[in-house]
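Excluded from the calculations below are hydrogen atoms, water molecules and symmetry mates; all remaining heavy atoms, backbone and side chain alike, are included.
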Amino acid sequence: MTRAYYTDSYTLQFETRVTAAETPDGRPAVLLDPVYFYPTSGGQPHDTGHLRRGDAVARVVDVIERESDGAILHILDRALTPGPATATIDRERRLDHMAHHTGQHLLSQAFVRVAEAETVGFHLSPQSVTIDLDRADLSPAEIDAAETLANEIIRRDAPVAVRFVTGEEAAALPLRKTPPGRDGRLRLVDIEGFDLTACGGTHVARTGEVGLVKIVRTERRGATTRVEFLCGARALADYRQKLDILRSLSAALTTGAADLPAVVVKIQDENKALRTELRRREAALLALEAEQLLAGAAPLGEARLVARVFTGREPDELRRLAGALTEAGSVGALLGLAGERTHLVFGRSAGAPGHMGELIRPALAALGGRGGGNATLAQGGGPAGDEAKVAATLTAAARELRQAREGPGM
């Protein structure tokens, strides 16, 4: 088996031979010779594409290296028989992987040079491309400097070469990392004058083909820092998307892009002030509503009892209304919310009878809900229920409360 992708990353259509057909884990698969499809390894995903064998065409959906013997299995969406075949590798996926893998080498070496941070992990997927660095304290200046250095090497359009050495030869070279070799040999990827490292992935021939390296996010993860970056076409797509967002925001806020941060801060400050004023007015309205409810409240020993069902309100508003009621005097408040979701809030002031946490449990059970609380405040919710159902629940709770001894507890 010839691993042709080791020396040629650019051949995307080629003649090959299906040397064997297998069914690992019940999936159709073939072995090819030569092999240009890259198998998942070293943080780089596999290639995809098609195989044509006579009139039969199969999709290559996965490429894996078998641990037992190193054979490369091409997983297909349909079975093919042994014999000559024509293969096609999906171009955009392969070129994207090439650009990002070379971009990763550039960025990893750049972090070594500007921050003495070694790469301990690499992951490339359709959603994101990341490296993990062995430092958790990277400064914004170091991150920017590494990005700048990587892009300088891209603009230099340095050659990227592949060569093979023995383990003894590798020991004498300034390699950034030295993984185990294959058959006593190491495959080296050499970015002229900048980086030399052992790697089995597919790469571009010159750094200019990477186009651009742009760091889009960093995240501290324990003792490491995860750096997410984009290269080439992905970086361009990301730039276009963010520029569209910037233009939309500028148009909506009728301001220039450079002034957007200040405008957003102003809007946030105004919004905070409006929320504060809104809460103040809501509190005043709830206090007024509490007074009105108390005016018509039934007696509860030396205290008063408010039992009321509402619709179209939020549970938090009900809780705040219960608070306004219990602060206004000696009162027990049994409040319910009917509709698509039911909700109960039971509260009492210090001089009113009952244990609200114990009182609410059977009420919620009657509604098919859950919740709890303490002696003075309890709440919980349940599934949909109409006003009549919630009112019946409050009536039963009020009856139980009236039977309780006067005092702070039952």
Side-chain angles (χ1 to χ4, degrees), residues 38-46 64-65 67 96-154 158 160 162 165 167 170-182 186-204 207 210-232 234-235 237-239 241-242 261:
Y38 182 80
T40 298
S41 61
Q44 178 178 330
H46 60 86
I64 58 176
E65 183 174 346
E67 292 185 8
D96 174 77
H97 292 174
M98 291 165 60
H100 279 90
H101 206 152
T102 304
Q104 177 261 311
H105 282 216
L106 291 168
L107 199 55
S108 290
Q109 179 60 254
F111 272 110
V112 170
R113 297 199 178 195
V114 306
E116 297 183 353
E118 297 283 349
T119 295
V120 294
F122 167 53
H123 177 73
L124 194 165
S125 76
Q127 293 74 40
S128 66
V129 189
T130 62
I131 56 174
D132 292 330
L133 302 169
D134 64 357
R135 275 188 54 191
D137 59 343
L138 288 168
S139 68
E142 288 174 318
I143 293 169
D144 287 347
E147 180 184 82
T148 297
L149 178 56
N151 282 290
E152 287 177 1
I153 308 304
I154 291 173
V160 180
V162 170
V165 298
L173 295 172
L175 298 180
R176 179 162 49 82
K177 66 174 183 176
T178 311
R182 184 184 301 279
L186 283 174
R187 178 178 182 262
L188 305 185
V189 175
D190 186 356
I191 300 176
E192 186 179 81
F194 187 69
D195 183 59
L196 180 65
T197 191
C199 176
T202 56
H203 290 269
V204 298
T207 58
V210 175
L212 171 74
V213 171
K214 184 72 191 84
I215 295 173
V216 294
R217 190 172 68 93
T218 61
E219 176 189 4
R220 182 170 178 172
R221 300 170 65 90
T224 66
T225 298
R226 174 157 292 181
V227 177
E228 182 176 351
F229 66 98
L230 298 171
C231 297
R234 288 201 209 188
D238 182 71
Y239 179 75
Q241 180 189 47
K242 290 175 178 174

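- Side-chain atoms of Asn151 never come within 3.5 Å of backbone atoms of Leu212 as a donor-acceptor pair (strictly under, hydrogens ignored).
- Taking a 6.0 Å sphere around CD of Glu219, one finds it holds more than 12 heavy atoms contributed by other residues, nucleotides or ligands.
- Using a 4.5 Å cut-off on side-chain heavy atoms (C-beta onward), Val227 and Leu133 make contact.
- Shortest non-hydrogen contact noted between Leu124 and Pro45 is O-CG, 2.9 Å.
- Contact between Phe122 and Val129 at its shortest, heavy atoms only, is CE1-CG1, 3.9 Å.
- The backbone N or O of His46 sits less than 3.5 Å from a side-chain atom of Thr40, completing a donor-acceptor pair.
- Heavy-atom minimum distance, Ala110 versus Leu149: CA-CD2, 3.9 Å.
- Under a 3.5 Å cut-off, the side chain of Arg113 and the backbone N or O of Phe194 do form a donor-acceptor pair.
- Atom OG of Ser128 and atom CG of Leu230 lie 9.0 Å apart (nearest 0.5 Å).
- Looking only at side-chain heavy atoms (C-beta outward), Leu107 and Ile215 come within less than 4.5 Å of each other.
- Taken from OG1 in Thr218 to CG in Leu138, the straight-line distance is 8.0 Å, to the nearest 0.5 Å.
- How far CD1 of Ile153 is from CG of Asp195: 10.0 Å, rounded to the nearest 0.5 Å.
- Listed here is the closest heavy atom pair of Val216 and Asp238: CG1-OD2, 4.0 Å.
- Here Glu118 pairs with nothing under the side chain to side chain donor-acceptor pair (under 3.5 Å) rule; sequence neighbours left out.
- Distance check: Thr225 OG1 to Ile131 CD1 gives 10.0 Å after rounding to the nearest 0.5 Å.
- Every residue two or more places apart in sequence or in another chain was checked for a side chain to side chain donor-acceptor pair (under 3.5 Å) with Arg187, and none qualifies.
- Contact detail for Asp134 and Thr224: the closest heavy-atom pair is CA-CG2, 4.4 Å.
- The two residues Ile191 and Ala158 make their nearest non-hydrogen contact at CG2-CB, 4.4 Å.
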Practice task
Go through the steps to decide whether Leu196 and Leu188 satisfy the test side-chain contact (heavy atoms from CB on, under 4.5 Å), and finish with yes or no.
Solution key: CA-CA 7 Å; Leu196 180 65; Leu188 305 185; 4.0 Å; yes
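- Of the candidates Lys214, Gln127, Arg217, Arg217 is the only one forming a side-chain hydrogen bond (donor to acceptor under 3.5 Å, both in side chains) with Glu228.
- For the pair Arg135 (side chain) and Ala115 (backbone), a donor-acceptor distance under 3.5 Å is present.
- Residue-environment remark: CZ (Arg220) stays at or below the threshold of 12 foreign heavy atoms within 6.0 Å.
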List, one per line, each side-chain donor-acceptor pair under 3.5 Å for residues 98-106, sequence neighbours excluded.
| unit_1 | atom_1 | unit_2 | atom_2 | d |
| --- | --- | --- | --- | --- |
| His100 | ND1 | Asp96 | O | 3.0 |
| His100 | ND1 | Asp96 | OD1 | 3.2 |
| His100 | NE2 | Cys231 | N | 3.0 |
| His101 | ND1 | Gln44 | OE1 | 2.6 |
| Thr102 | OG1 | Met98 | O | 3.1 |
| Thr102 | OG1 | His203 | ND1 | 2.9 |
| Thr102 | OG1 | Val204 | N | 3.2 |
| Gln104 | NE2 | Ser108 | OG | 2.9 |

